[in-house]
Amino acid sequence: MNQMKIAVAGASGRMGHMLIEAIQNAEDAVLTGALDVPTAPGVGTDAAAFLGKPAGVTITSDLTAALADADYLIDFTRPEGTLKHVAYCAEHGIKVIIGTTGFDDEGKAAIAEAAKKTAILFAPNMSVGVNVTMKLLEMAAKSFSQGYDIEIIEAHHRHKVDAPSGTALKMGEVIADALGRKLADVAVFSREGVTGVRDPSSIGFATIRGGDIVGDHTVLFAGDGERVEITHKSSSRVTYAHGSMRAARFLSDKATGLYDMQDVLGLS
């Protein structure tokens, strides 16, 4: 069996640990590199030491060393770091699975440009359940296009640095596209004071940060006399790791191109 040679960025963090464990447990994959910032506590240690089963791969801040033997990089870090990693991977034919959120339009354009040189899977959420939920939201939005107000509520742990979450924004984009609108034109991210009557074409966002919440997302379709709520709740980051492995397998026969989890699941 040909094993996927995978490197992990952010290898010292919680998500990095989940990804490393998923790779170590997969028969068709092998961990070949582990990358982190110079100040990360794990730099210089074995990437799988936390499992009690060393992988023989040392966490390094040297991008070239970390990717020397890799065919794939899985990256759930920060936009500025991910963009540097993507540029390197594009030049060296390394496939990339991106779970990082918080990119601006320029960053997204850079990823699309890099996908002309290597295969990239870019998704704000790698969970299979979340991506099935996206499809349900598309269907619901078309049915609730008249007479229903749409609000998106998301909750995450106290350490999350971007808001709203990338998943919430993607949900908004899916709904807006289904309604023939542009999210930038209809999104409402804050309400305070005398706001006036709600614009029926708007899509509202509410953000909660606290504790160790992994990720909760609810979309509310509120009409006269009834409301429908579509909710997804993550209780563990393991779902993102499993989705990332599924994404890597999807890219195995792709040389170039930009894909997302909807492509992986055949929901596009």
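Using modelled atom types and a 3.5 Å distance limit, the side chains of S234 and Y240 yield a donor-acceptor pair. One side chain, S202 or R198, offers a donor N or O that lies under 3.5 Å from an acceptor on the other. Side chains of T77 and D75: a donor on one and an acceptor on the other come within 3.5 Å. Looking only at atom types and distance, the side chain of D69 has no donor-acceptor partner in the side chain of T32 under 3.5 Å away. A side-chain N or O of S165 and one of H217 form a donor-acceptor pair less than 3.5 Å apart.
Taking the six-membered ring for Trp and thresholds of 30 and 60 degrees, Y88 and H92 have nearly parallel ring planes, at less than 30 degrees apart.
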* To do: Decide yes or no on side chain to side chain donor-acceptor pair (under 3.5 Å) for T60 and D62, but give the supporting numbers first.
  => CA-CA 5 Å; T60 178; D62 185 327; 5.3 Å; no

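By the 4.5 Å heavy-atom criterion applied to side chains, K116 and T256 are not counted as neighbours. Side-chain contact between Y72 and L251 is present, with heavy atoms from C-beta onward closer than 4.5 Å. For the pair L63 and K84, the minimum side-chain heavy-atom distance is 4.5 Å or more. Annotation: side chain of I98 is not in contact with side chain of L121 (no heavy-atom distance under 4.5 Å). M126 is listed as a side-chain neighbour of M261, based on a closest heavy-atom distance under 4.5 Å. Between D216 and T231, the closest side-chain pair of non-hydrogen atoms is not below 4.5 Å. Residues E154 and T218 fail the side-chain proximity criterion, which asks for heavy atoms closer than 4.5 Å. Residues E138 and K135 form a side-chain contact, since some pair of their non-hydrogen atoms from C-beta on lies under 4.5 Å apart.
The hydrophobic cluster containing I94 does not contain V86, counting ILVMFWY residues as joined when their side-chain heavy atoms lie under 4.5 angstrom apart, directly or transitively. One hydrophobic cluster, built from ILVMFWY side chains closer than 4.5 Å, holds both L19 and L51. Linking ILVMFWY residues whenever their side-chain heavy atoms come closer than 4.5 Å, directly or via other members, leaves L35 and F76 in distinct clusters. Under a hydrophobic clustering in which Ile, Leu, Val, Met, Phe, Trp and Tyr are joined whenever their side-chain heavy atoms come within less than 4.5 Å, directly or via other members, M171 and I213 fall into different clusters.
Of the charged side-chain nitrogens involved, none lies within less than 4.0 Å of a carboxylate oxygen, so that D71 and K95 do not count as a salt-bridged pair. We find that R191 and E151 are joined by a salt bridge, their nearest charged nitrogen and carboxylate oxygen being less than 4.0 Å apart. Using a cutoff of 4.0 Å between basic side-chain nitrogens and carboxylate oxygens, K108 and E106 are not scored as salt-bridged.
Within the cation-pi definition used here (under 6.0 Å to the ring centroid, within 45° of the axis), K142 does not qualify as a partner of F144.
The only option from L267, N125, T167 that meets the side-chain contact (heavy atoms from CB on, under 4.5 Å) definition with M134 turns out to be T167.
For NZ of K160, the number of neighbouring non-hydrogen atoms (other residues, nucleotides, ligands) closer than 6.0 Å is greater than 12.
R227 contributes no side-chain N or O that, together with a main-chain N or O of L220, makes up a donor-acceptor pair within less than 3.5 Å.
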